[in-house]
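Small disclaimer: the values here were computed from a predicted structure and weren't measured. Read the numbers this way: they start at 1 and go in the same order the structure lists the ligands and their atoms.
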Amino acid sequence: MPTIKHCPGCPYREFGPAIGPRGDPTSPIVLVGEAPGAKEVKKKKPFVGPAGDVLWKAVAEAGLHEADLFITNSVACRPHPARPRVGAIRACQGRLAKDLGASPRLVVVALGTTALRAVTGDSRLGVTEARRGPPFLSRWGLVVPTLHPARVLRRPSERPLLVEDLRSARDIAVHRS
Ligand code: SF4
């Protein structure tokens with residue numbers, strides 16, 4: 001994990017702690033979220049709060065297993081006040097690149113617009129539009145854009161979209177491995 005004092009230029013360097021990834025680091029499927037919340041900081045791992053509950057149920061419904069996935073975030077420290085600032089995403093890019101590149105990946109599931117932008121480096125992309133198109137290639141693997149589980153928590157009617165995208169990620173991994 002990055003040491004906070006070694007993150008010059010990041011607006012969160014005073015806050016910490018940096019929350020590391022979870023799951024299988026050699027997994028061909030990586031899920032990238034936005035940032036840790038209060039529960040994640042307390043438990044020291046990503047996606048353990050209410051949005052995590054939504055995610056893990058959708059993962060199971062898509063025929064995937066949590067233990068077979070690798071999960072990380074666009075920024076490793078909890079944002080203040082709420083969403084990660086562009087400067088923090090930029091400052092945390094090296095850490096994200098290390099997570100994504102630690103092993104050959106087939107699929108990178110970008111959970112929400114922040115993750116999509118962090119993974120691609122393209123600040124014009126939005127997840128609602130991007131998920132209407134096919135998965136596209138990035139330096140880390142095929143990117144499958146999907147909705148952030150926190151959004152699905154607020155709009156449960158969108159849950160099938162998250163499940164559908166996770167199923168696509170599974171199908172790509174099955175057919176390419
Ligand atoms: S968010 Fe990333 S770059 Fe910023 S202090 Fe935390 S680990 Fe460092």
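Closest approach of Arg85 to His80, counting heavy atoms only: NH2-O, 3.9 Å.
For atom 6 (Fe) of ligand 1, the tally of protein N/O/S atoms lying closer than 2.8 Å stands at 1.
Of the possible polar contacts, one joining the Glu40 side chain to the Val48 backbone as a donor-acceptor pair under 3.5 Å is found. Using a distance-only test at 3.5 Å, with no hydrogens or angles considered, no donor-acceptor pair links the side chain of Ser27 to the main chain of Gly23. Asp24 places a side-chain N or O within donor-acceptor distance of the main-chain N or O of Thr26, the cut-off being under 3.5 Å.
Using the six-membered ring where Trp is involved, Trp56 and Phe47 have ring planes that are perpendicular, over 60° apart on the 30 and 60° scheme.
Taking the charged nitrogens against the carboxylate oxygens, Asp99 and Arg95 do have a contact shorter than 4.0 Å, which makes a salt bridge.
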